[in-house]
Student: 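This structure is in C-alpha cells; I'll ask about it shortly.
Each chain gets a letter, A, B and so on, in the order the sequences are listed, and its residues count up from 1. Because only heavy atoms are used, hydrogens play no part in the values below, and waters and symmetry mates are left out as well, while side chains stay in.
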Protein chains: 2
Amino acid sequence: MDRRNTEKNEEASAQERPTLKTLAFMTGLGVTTVSRALKDAPEIGAETRRRVQLVAKQIGYRPNRAGVRLRTGKTNVISLVLNTEQEIMSFVSDIIYGVSEVIADTPYHLIVTPYSRSQDPLDPIRYLVETGSADGVIISRTQPNDPRARYMLERGIPFATHGRTEMGLVHPYHDFDNHAFAVEAVRRLASMGRRKLALLTPPVGLTYYGHTVNGFADALSEVGASEIPFSTVSIDHSIEQIRTRTAQLMRRDIRPDGFVSSAAAATLALVAGIEDAGLKLGRDVDIVSKQSSDLLHLFRPELLIVNENFRLAGSELARSVLGWISGAAPGSLQSLSVPGEVLAYNRTPD
Amino acid sequence: MDRRNTEKNEEASAQERPTLKTLAFMTGLGVTTVSRALKDAPEIGAETRRRVQLVAKQIGYRPNRAGVRLRTGKTNVISLVLNTEQEIMSFVSDIIYGVSEVIADTPYHLIVTPYSRSQDPLDPIRYLVETGSADGVIISRTQPNDPRARYMLERGIPFATHGRTEMGLVHPYHDFDNHAFAVEAVRRLASMGRRKLALLTPPVGLTYYGHTVNGFADALSEVGASEIPFSTVSIDHSIEQIRTRTAQLMRRDIRPDGFVSSAAAATLALVAGIEDAGLKLGRDVDIVSKQSSDLLHLFRPELLIVNENFRLAGSELARSVLGWISGAAPGSLQSLSVPGEVLAYNRTPD
DNA sequence: TCAATATACTGAAACGTTACAGATTGCCAA
DNA sequence: TTGGCAATCTGTAACGTTTCAGTATATTGA
C-alpha cells in the first residue's frame, strides 16, 4: 500500500496536482507534519516548518478545497444573494467588485445566489444554510423586520446586510444614510426657493424607505416647505410607469416644484415625465437625485446629484462578513456611509 | 462500529443533515445501493429505487457537494471571469442573471472570478484550471488570438466565450453580430442624408472591434459615404476623455454629421461633447448607438438605438458551457445574435 | 542512573461520496 | 440435482484534509 502511493507520486509528480502526500514524500515527513507545518502549528520545528513551506511554494501546492471542506465544513465561500429583477443595475456590478476587492487575497470565493420576484426571499437563504454552502452571506433589500436576518441569526451563520433592520437584533450591516440624503436634498431645494416638494421613494417595505421618508418629512418641517404626495410609484416601478405618473402629477393644478429621487434610472423617467407635461427642469422644477455611477450630469446638467458608492458598500459588507467569520463581535461590524454634498453641474456651487 | 453509526444516526436524525448513511439506515439498505438508487442506476430494483427516492425527498436529502467533489472531481461550479474595471456595467448584471436563469434548476453554482486591469487576463484562468475550481468557465472581452481560450482548449476544460476568436480553433461562443450592427447603423444614417460618418469603436484588440470596424467600412462604401476618423478614443476610455475628444472633433472644419457608437455610456459622452461644441443632435448630427438597457431614449429622444441583450448572452453562454460539459460537440454550441432594427423614438418609424 | 517531561514527529480515523469487486438469491437449462 | 447466469444488493477503498491519540527521542531534575 505504501509502495503504491510512493509510485504514484513519483510517476505523477510532474503531471498531477500536488497534495499533502506529495509534499510528505518530497520532504520525507508524514502527512500530518506537513499539514501542521503549513499552518504554522506550534509543535513543528522551525527548520522543518520553513523547509515544508519552501517546498510547498516551489511546487505550487494549493490545498484541495473539497478535502478541507469535507473534513472541516469550512467552505471558503461567501454568497451574495441577489434579486434577479429588482436590484439596481449598477448595484450588482459595483457590489460584486467591492466584495471581490476584499476577498482577493483570501482563500474565499464569491458565489452569486439569485432569487426571483416570485420566490420567497427566504428560499435562497434556507438553501444556503441547509446545504452549508457558504461560510458567510450578504443580503440586500433589507427590511425592518427581515426574516432572512432572523433566520441566519437563529442558525448562527455569519452574514451582513446592505441596509439596516429594526428588530432589536444585532448584526453587521452597511448602510447609506438615506435620512441625511433626504434632509440635504430638501434643504438644497428649499435654498433654491422650491416650496412644494415630492419624493420618489425607495421600494415600500425596505428599511431605507422609512429612512428616506422620515428624512424628507423632517426636513420639510425644518424648512417650512410642503409635500406634494407622490406615493403611487417607487423606484421599483417600471420606467414607463414612473414617467406616466409623473406626467400626470405635473399636469395637475397643484404640482411639485422640486423632487427628491432615490435612484438614477428613476430620475431619467422623472425628467421624461416632467418634460412630457411641457415643463422644464431648472426652471419649473428642480430635482435632487442619488446616483451610483457618474452619468446623470450628462443627462441633464440641471440635475442636482448625490453620489452613493456601491463599490464601497460591497467592500464594507465583505469586510464585515469576514470579520464575523473570524470571530469579531457582530456589533462592531456596522457602518454607515455619509452622503457627500449635493453636486451641481451647470451653476457655480454655493 | 456498525452500532456506533446506528446510534449516531438515531440520535441525530432530527438534528444533523442527512447523508447517504442516514438514508441507508432508514431504508435498511447499504450505502452503495442508496447512492445508486438515487442516480437511477440500472441494477437497482424498480421498487427499491422508488422507495429510496421517496425517503430521500421526505427527509430532504441533498448530496454533500464536498463529498462528491472530492470523490469525483466534479465541482458543479461555473465560473464567470470578469474584468473589474472594464466591463460594461449592465453587462455584469445582465449576464449574471442570464447565467443564473439557466443554471437555476441544475446543481450548478455560479462563482464570479474577477481580475483587474493590471493583471494578466490569463491569471484567473490559470488559477481556475490549476485548482480545478470549476467545471466550466465563461470569459468575456474575447480577442482574435485569445491566450485564455487556447489555454483552456489545451487543458480540455469546457468554456464559452462572449465574442468570437480567430485562431482556427473550435469552441463554444455567443456573439452579437456587430458587423451587421455597424452596417445597419451606417445605412440608417445614410438614409437620413448623413454622409460623413464617424465610429466610436469597441476596445481595440477585442475581436468585435474588428467586426464593427469592418461592418462600418463595408457599409460606407456600399452607401458611398465617407469616414471621419475618430480613433483617438474607444468605448473603454473614460467618459471625460470621450467627451473632450468629441468636442474637439466637432469643432473642426471637417466634422462628422453622423456617429455610430458601440456602447450606451459612451454615447452619453458623445452627445455631451457634441453639445459642448454648440451643435445639436438630430439637426447637425445623428447617432446610432447600441444599448443594453432601455434608457437611452429617455436621454435624448433623437438617438437612434439598437438593442443588445446581455441577459440572453448570459443564458446562451451558460447553455453552451453546460452542453460542452455534458458531452456535446463544442462546434455545435456557437450562437450569433442578430441585431434588431434601428429604433427611433421621436419620429414615425420608416 | 532513572523517571519525568518537553519536543518533534507520526499513523489511523473520519468527513460523504462513488467505483470496484464481490456476495447472495432465485431461476433455468442440462 | 447441479452449474450457470441474471438480478440485486453490499463492503471496502479511495479522493485530500484535519484531528486524535499516540510514539520516539532528547532533555531535565533529583
Side-chain angles (χ1 to χ4, degrees), chain A residues 1-9 12 16-52 56 59-76 107 130-133, chain B residues 1-2 4-9 12 16-52 56 59 61-76 107 130-133:
Chain A
M1 184 146 60
D2 208 51
R3 188 162 310 140
R4 198 179 304 160
N5 291 336
T6 301
E7 278 170 21
K8 181 197 156 195
N9 278 311
E16 305 228 333
R17 190 168 157 211
T19 69
L20 288 182
K21 207 146 62 179
T22 320
L23 282 176
F25 173 72
M26 296 181 75
T27 56
L29 296 162
V31 169
T32 304
T33 310
V34 172
S35 172
R36 316 211 67 187
L38 287 176
K39 44 176 56 68
D40 288 319
E43 65 268 51
I44 300 295
E47 198 208 306
T48 305
R49 195 205 321 278
R50 260 182 289 120
R51 199 159 59 87
V52 170
I59 66 172
Y61 168 77
R62 314 253 201 169
N64 179 305
R65 312 190 117 231
V68 176
R69 181 163 169 179
L70 181 58
R71 178 63 235 243
T72 64
K74 180 130 212 267
T75 62
N76 284 308
E130 282 171 9
T131 62
S133 289
Chain B
M1 182 149 57
D2 208 50
R4 199 177 305 159
N5 292 335
T6 299
E7 277 171 21
K8 181 198 157 195
N9 278 310
E16 306 228 334
R17 191 170 156 209
T19 69
L20 289 182
K21 206 144 64 179
T22 320
L23 283 176
F25 173 73
M26 295 181 75
T27 55
L29 296 162
V31 169
T32 304
T33 310
V34 172
S35 172
R36 317 213 65 188
L38 287 176
K39 43 176 58 68
D40 287 320
E43 66 268 48
I44 301 295
E47 198 208 308
T48 305
R49 195 204 322 279
R50 257 182 290 119
R51 198 159 59 89
V52 170
I59 66 173
Y61 167 77
R62 311 254 201 169
N64 178 304
R65 312 191 115 232
V68 175
R69 180 163 170 178
L70 182 58
R71 181 62 236 243
T72 64
K74 181 130 211 267
T75 62
N76 284 309
E130 281 172 8
T131 62
S133 288

Student: Where the side chain of B:Leu29 is defined as all heavy atoms beyond and including C-beta, which of D:dT19, D:dC15, D:dC9 is the nearest nucleotide?
Tutor: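 Looking only at side-chain atoms, B:Leu29 lies closest to D:dC9.
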
Student: Rounding to a whole Å, what distance do you find between B:Glu43:CD and C:dG26:C1'?
Tutor: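 That distance rounds to 18 Å.
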
Student: Taking the side chain of A:Thr19 as its heavy atoms from C-beta onward, which of C:dT18, D:dG16, C:dT17 lies nearest to it?
Tutor: D:dG16

Student: Whole Å only: how far is the CD atom of A:Glu16 from the C1' atom of D:dG16?
Tutor: 13 Å

Student: Can you check the A:Lys74 NZ to C:dA14 P distance for me, whole Å?
Tutor: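 Checked: the NZ to P distance equals 25 Å.
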
Student: How long is the gap from CG on B:Leu38 to CG on B:Leu20, to the nearest 0.5 Å?
Tutor: 6.5 Å

Student: Measure CG/A:Leu20 against C1'/D:dT17 and give the value in whole Å, please.
Tutor: 6 Å

Student: Atom CZ of B:Phe25 to atom C1' of D:dT10: distance rounded to whole Å?
Tutor: 18 Å

Student: Nearest 0.5 Å please: distance from the OG1 atom of A:Thr19 over to the OH atom of A:Tyr61.
Tutor: 7.0 Å

Student: Would you indicate, yes or no, if C:dT17 has its OP1 or OP2 atom less than 4.0 angstrom from a side-chain nitrogen or oxygen of B:Ser35?
Tutor: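 So the side chain of B:Ser35 is outside the cut-off, no N or O lying under 4.0 Å from OP1 or OP2 of C:dT17.
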
Student: What's the separation between atom CZ in A:Arg69 and atom CZ in B:Arg65, rounded to the nearest 0.5 Å?
Tutor: 6.5 Å

Student: Verify the contact: side-chain N or O of B:Lys21 to OP1 or OP2 of C:dG16, cut-off strictly under 4.0 Å; return yes or no.
Tutor: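 The answer is no; no side-chain N or O of B:Lys21 sits under 4.0 Å from OP1 or OP2.
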
Student: Between D:dC15, C:dA12, D:dT18, which nucleotide has the shortest distance from any of its atoms to the side chain of B:Arg71?
Tutor: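 Of all the options, the side chain of B:Arg71 is nearest to D:dC15.
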
Student: Rounded to the nearest Å, what distance is computed from the CZ atom of residue B:Arg36 to the P atom of nucleotide D:dC9?
Tutor: 12 Å

Student: Provide, to the nearest angstrom, the distance between the CZ atom belonging to A:Arg17 and the C1' atom belonging to D:dC15.
Tutor: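 The distance from CZ of A:Arg17 to C1' of D:dC15 comes to 12 Å, rounded to the nearest Å.
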
Student: Can you measure B:Arg50 atom CZ to D:dT8 atom C1' for me and round it to whole angstrom units?
Tutor: 15 Å

Student: Over all strands shown, is B:Gly132 touching base, sugar-phosphate only, or nothing at heavy-atom distances under 4.0 angstrom?
Tutor: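 The residue B:Gly132 makes no contact with any strand.
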
Student: Nearest nucleotide by nearest heavy atom, which residue falls closer to the 5' end of DNA chain D, B:Gly28 or A:Thr72?
Tutor: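 Nearer the 5' end of the strand: B:Gly28.
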
Student: Consider the side chain of A:Pro63, meaning its heavy atoms from C-beta on, and name the nucleotide among D:dT17, C:dT17, D:dT10 that approaches it most closely.
Tutor: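 Nearest to the side chain of A:Pro63 among the choices is D:dT17.
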
Student: Please tell me which of B:Thr32 and A:Thr32 maps to the more 5' nucleotide of DNA chain D, matching each residue to the nucleotide holding its nearest heavy atom.
Tutor: B:Thr32

Student: Of A:Arg50, A:Arg49, A:Lys39, which is the lone residue that meets side chain to side chain contact (heavy atoms under 4.5 Å, CB included) with A:Ile44?
Tutor: A:Arg49

Student: Counting side-chain heavy atoms from CB outward, which of D:dT19, D:dG16, C:dT18 is closest to B:Val68?
Tutor: C:dT18

Student: Mark yes or no for whether A:Ser35, through its side chain, and A:Val31, through its backbone, hold a donor-acceptor pair below 3.5 Å.
Tutor: no

Student: What's A:Gly67 touching, base or sugar-phosphate or nothing? Going by heavy atoms closer than 4.0 Å.
Tutor: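 A:Gly67: base contact, heavy atoms under 4.0 Å.
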
Student: Got a donor-acceptor pair under 3.5 Å from the side chain of A:Thr48 to the base of C:dA8?
Tutor: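 No such pair is found, so the answer is no.
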
